[in-house]
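Only one structure is covered here, and it is reproduced in the block below.
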Amino acid sequence: MLFLLSVTLLYSCKKEKVYTMGAVPTASQVVIQKTAGADANHWILKNLSTTTGIAYWDLGNGATASGDSVTVFYPDVDTYTIVLTLVTSGGMASTTITHSQTTPDPKSGNLVKGGKLATDADIAQWTIQRINDNVNSKIVFANGWATVTNVAESWGQLAIYQPIQVVVGQKYKVDLSFKTAGVNNGWFKIYACTTQPTQMVEYTGAIEVTEIAIWGTVGPKSGLLSNIFNPTAGIANGDIVTFPASGTIWLEIQAGAENLMGGVSFTNIQFRGVQ
């Protein structure tokens, strides 16, 4: 009994370990270093914070990572917001930098300039081409979309285009986001023009990427163009194209109909290399 009492008293008097939280970090203590990577589209991000913690990254392109050093790949020209969050024993703090990617990756980057149609600078990258008249069709840029409409039963059509530099033998894929409330007897075409489009002349060159022919009336549709329709009319490899020589082509997007009704709209235009 005396032995058990002694053991009980010994453990009863043992000092409990006290855990303390560290200081809460501040944003000024969280530091990002950005340096060039292996090429113009790879960048190295390092956590150079002045306090110790676990680094979590939001890379601004939909991807996340963790660790004190990460390499990020930005194939597309855009502005990316990079966020570093440092988690310590006392809490967490974040800091942000902006990365402007000015060079597309030649093999997988989107070579379209202003494809999101989100700003005046985006829209300025495109030339509007009138094809059969100056009255019965129009295009409106609003809220990041281009919408083509026409006068009912006019068969009005128009297009937008921009120059793109391509490499001989490289495969390219074309796609965009598309929506319509309905069209009667219409068409939607994408050309990789080997000569510059001319005002009031419909381009009918050899490299037609996609043609959507809508004879009759089609109801509402929306989504990636490649997922909505089956491309037809002179396409050997779907929406994949190659070119016999390096140089300038003109990516043209064309819409028209007997009646475009509420119009056809598109955005997020992509022309990128594929392996």
Side-chain angles (χ1 to χ4, degrees), residues 15-123 125 142-145 170-179 222-227 266-275:
K15 186 176 181 180
E16 292 185 1
K17 187 174 181 178
V18 177
Y19 293 90
T20 59
M21 298 294 288
V24 177
T26 63
S28 63
Q29 293 176 300
V30 184
V31 181
I32 300 172
Q33 180 191 68
K34 182 187 74 172
T35 56
D39 54 45
N41 298 93
H42 285 85
W43 299 86
I44 300 169
L45 304 174
K46 290 188 176 181
N47 167 32
L48 296 186
S49 301
T50 58
T51 187
T52 302
I54 302 173
Y56 294 95
W57 301 87
D58 180 337
L59 302 174
N61 59 354
T64 58
S66 62
D68 288 329
S69 179
V70 298
T71 298
V72 58
F73 176 52
Y74 293 116
D76 295 345
V77 172
D78 207 341
T79 299
Y80 300 90
T81 299
I82 301 167
V83 182
L84 169 60
T85 299
L86 194 69
V87 179
T88 72
S89 61
M92 66 178 65
S94 299
T95 194
T96 298
I97 64 169
T98 299
H99 171 69
S100 295
Q101 182 65 42
T102 58
T103 305
D105 179 72
K107 290 191 175 181
S108 61
N110 186 11
L111 302 183
V112 172
K113 297 179 180 179
K116 293 183 178 180
L117 305 176
T119 66
D120 289 343
D122 287 345
I123 296 167
Q125 300 292 337
N143 302 317
W145 289 81
Q170 171 68 49
K171 293 180 180 180
Y172 297 94
K173 178 178 174 63
V174 184
D175 213 341
L176 51 77
S177 298
F178 176 93
K179 65 181 180 180
S222 65
L224 278 177
L225 190 69
S226 57
N227 293 336
F266 52 90
T267 188
N268 192 28
I269 305 159
Q270 302 175 53
F271 184 101
R272 62 176 74 243
V274 294
Q275 301 301 320

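Reckoned from all heavy atoms, side chains included, excluding hydrogens, waters and symmetry mates. As the structure is a computational prediction, the values presented were derived from the model and not from experiment.
- Across all their heavy atoms, Lys179 and Ser222 have their closest contact at CB-CB, 3.8 Å.
- The minimum heavy-atom distance between Thr95 and Val30, with the atom names listed, is CG2-O, 3.4 Å.
- If you take CD on Gln29 and OG1 on Thr88, they are separated by 8.5 Å, rounding to the nearest 0.5 Å.
- For the pair Asp76/Gln101, no side-chain contact is recorded, criterion being any heavy-atom separation below 4.5 Å from C-beta on.
- To the nearest 0.5 Å, atoms OG1 (Thr85) and CG (Asn47) are separated by 10.5 Å.
- Closest heavy-atom contact between Gly90 and Val24: O-CG2, 3.3 Å.
- Looking only at side-chain heavy atoms (C-beta outward), Leu84 and Ser49 come within less than 4.5 Å of each other.
- In this structure, CG in Leu225 is found 11.0 Å from CD in Gln270, a value given to the nearest 0.5 Å.
- Between the side chain of Asn41 and the backbone N or O of Thr103, at least one donor-acceptor pair lies under 3.5 Å.
- Residue Thr79 comes nearest to Thr98 through the heavy atom pair CG2-CG2, 3.2 Å, listed as atom of the first residue, atom of the second, then distance.
- The environment of NZ in Lys171 is sparse: at most 12 heavy-atom neighbours from other residues, nucleotides or ligands sit within 6.0 Å.
- For the atom pair CG of Leu86 and OG1 of Thr26, the computed distance is 10.0 Å after rounding to the nearest 0.5 Å.
- Looking only at side-chain heavy atoms (C-beta outward), Trp57 and Ile32 come within less than 4.5 Å of each other.
- Sequence neighbours left out, the pairs with a member in residues 77-97 that pass ring pair (Phe, Tyr, Trp, His ring centres under 6.0 Å) are Tyr74-Tyr80.
- For the side-chain hydrogen bond (donor to acceptor under 3.5 Å, both in side chains) criterion with Lys116, the lone passing option out of Asn110, Asp78, Asn268 is Asp78.
- Ser177 OG to Trp145 CH2: the interatomic distance, rounded to the nearest 0.5 Å, is 5.0 Å.
- Tyr56 contributes atom OH, which lies 10.5 Å from atom OG1 of Thr64 (distance to the nearest 0.5 angstrom).
- The minimum heavy-atom distance linking Gly144 with Thr267 is given by the pair O-OG1, 2.6 Å.
- Using a 4.5 Å heavy-atom threshold, the side chains of Ile82 and Val72 count as separate.
- Considering every non-hydrogen atom in both Ala27 and Ser94, the closest pair reads CB-O, 3.5 Å.
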